[in-house]
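These notes concern the structure reproduced below.
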Amino acid sequence: MYKFKSKPVLPSDITSESVWLARRRYVQQAVALGLISMAAPYQAWGQERSWSVEENTRWPIDEPPTAEKHIVNYNNFYEFGLGKEDPALYAGSMRTDPWVVRIDGEVERPLELDIEQIRKLAPLEERIYRLRCVEAWSMVVPWVGFSLSVLLRQVQPTSKAKYVRFETVADHASMRGLQSRVLQWPYAEGLRIDEAMHPLTMLVLGLYGKELPNQNGAPLRLMVPWKYGFKSAKSLVRISFVEEQPVSSWMAVAPQEYGFFANVNPDVAHPRWSQASERKIGSGIFAARQATLPFNGYAEDVAHMYSSMDLRRYY
Ligand SMILES: Nc1nc2c(c(=O)[nH]1)N[C@H]1C(S)=C(S)[C@@H](COP(=O)(O)O)O[C@H]1N2
Ligand SMILES: [Mo]
């Protein structure tokens, strides 16, 4: 598959990810020397890491992850306000425990699971995925979780199920942004079943080896790495198999700007700006913009799902 080009690590980047890089190099060298088997779970290094996770090397990104301080301080989570700093400032008041996720709709066996039950469904993996926002910036994030398909397989969808709809929490007591009418609440998203079952599609419980911070969508979010960031709904409370294509919150307010598919595509501009390049958050003000890749670099894995579709029409 496509490998992202390495970028030199600037002194300004060296924070918690230097620890991460050191560990990653060690693991790669040790594997090359036959010292350890890649299948063996390793204890994530660094003082602040709290989980032991298995590194998933199926989808490598040969590029250092964005510093943790940027990932947790520059966010889109409109339930807490429209500013990039608002989620870090205000999401602390969201209660994430207890938390129950309902899985229902066109299924034989609807389920309600709490976070502990979900966490036990599969071993946690670290996967470094790029998040490419429709606003033409990106970050490279060491997410922790596992494939969404693991969860979806628990409920046995019926033959009517064609799509999966995702609904996120809407708590007026803790979410000041719900007063705004910019979007329909609760925030809703959707995927076609084949997209939802694709092994790249991830259910995320953490980042940088720790539980998800509230501003990044605690306790449970979606991560669909070949689609624009708005598809990756945060703080999920309900996952429903449905017959009809769901209307996502962004489609509902601006259908000509935000399509259902939202596959990252440098050749299809947003009506108000180009999608050909992106600014990597934390790379410094003098850093060059980088070219945006079709399907965010995952074309080999996912392009086949859209082979018969006109991607200009189904944006
Ligand atoms: N519930 C909810 N999920 C959401 C959003 C939101 O406003 N509300 N914003 C989306 C957008 S536009 C992006 S780019 C990503 C940002 O994720 P991050 O803040 O963890 O980087 O979350 C997505 N998920
Ligand atoms: Mo976004």
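Both ligands and their constituent atoms are indexed starting at 1 by order of listing.
- Counted by atom type alone, T292 and R132 present one or more donor-acceptor pairs between their side chains at under 3.5 Å.
- Using a cutoff of 4.0 Å between basic side-chain nitrogens and carboxylate oxygens, R165 and E243 are not scored as salt-bridged.
- Every atom of ligand 1 is numbered from 1 in the order shown, and the set under 4.0 Å from a heavy atom of L131 is 14 (S), 17 (O), 21 (O).
- In this structure, E244 does not pair ionically with K162, as no charged nitrogen and carboxylate oxygen lie closer than 4.0 Å.
- Counting only heavy atoms of the protein, atom 14 (S) of ligand 1 lies nearest to C133 SG, 3.6 Å.
- Protein heavy atom in closest approach to atom 20 (O) of ligand 1: R221 NH1, 2.6 Å.
- At a cut-off of 3.5 Å, with distance as the only test, a side-chain donor of E195 or Y306 sits close to an acceptor on the other residue.
- Below 3.5 Å of separation, one finds no N or O of W137 facing any N or O of ligand 1.
- Nearest to atom 9 (N) of ligand 1 among the protein's heavy atoms is N76 O, 3.2 Å.
- Using a cut-off of 4.0 Å between Lys/Arg side-chain N and Asp/Glu carboxylate O, E63 and R130 are scored as salt-bridged.
- Among all protein heavy atoms, the one lying closest to atom 7 (O) of ligand 1 is Y78 N, 2.8 Å.
- A donor and an acceptor atom, one from each side chain of D301 and W226, are nowhere located under 3.5 Å apart.
- Which parts of ligand 1 touch T168 is read off a 4.0 Å heavy-atom cut-off, strictly below it: atoms 1 (N).
- Protein heavy atom at the shortest distance from atom 15 (C) of ligand 1 is G229 O, 3.7 Å.
- Of the protein's non-hydrogen atoms, E79 OE2, 2.9 Å is the one closest to atom 1 (N) of ligand 1.
- Polar contact check, W250 against ligand 1: no nitrogen or oxygen pair lies under 3.5 Å apart.
- Side-chain N/O atoms of K84 and N75 include no donor and acceptor closer than 3.5 Å.
- Both L89 and F80 sit in one connected hydrophobic cluster of ILVMFWY residues. Membership requires side-chain heavy atoms under 4.5 Å apart, directly or through other members.
- Heavy atoms of K231 stay at 4.0 angstrom or farther from ligand 1.
- Ion pairing between a basic and an acidic side chain is recognised when a charged N comes within 4.0 Å of a carboxylate O; R192 and D194 show such pairing.
- Y228 and F230 have parallel rings, their planes meeting at less than 30° on a 0 to 90° scale where 60° marks the start of perpendicular.
- Neither the backbone nor the side chain of I71 comes within contact range of ligand 1; no heavy atom lies under 4.0 Å.
- K234 N, 3.0 Å is the protein heavy atom nearest to atom 3 (N) of ligand 1.
- Contacts between F230 and ligand 1 below 4.0 angstrom, taking non-hydrogen atoms only, involve backbone and side chain alike.
- The protein non-hydrogen atom at the shortest distance from atom 24 (N) of ligand 1 is S232 O, 2.9 Å.
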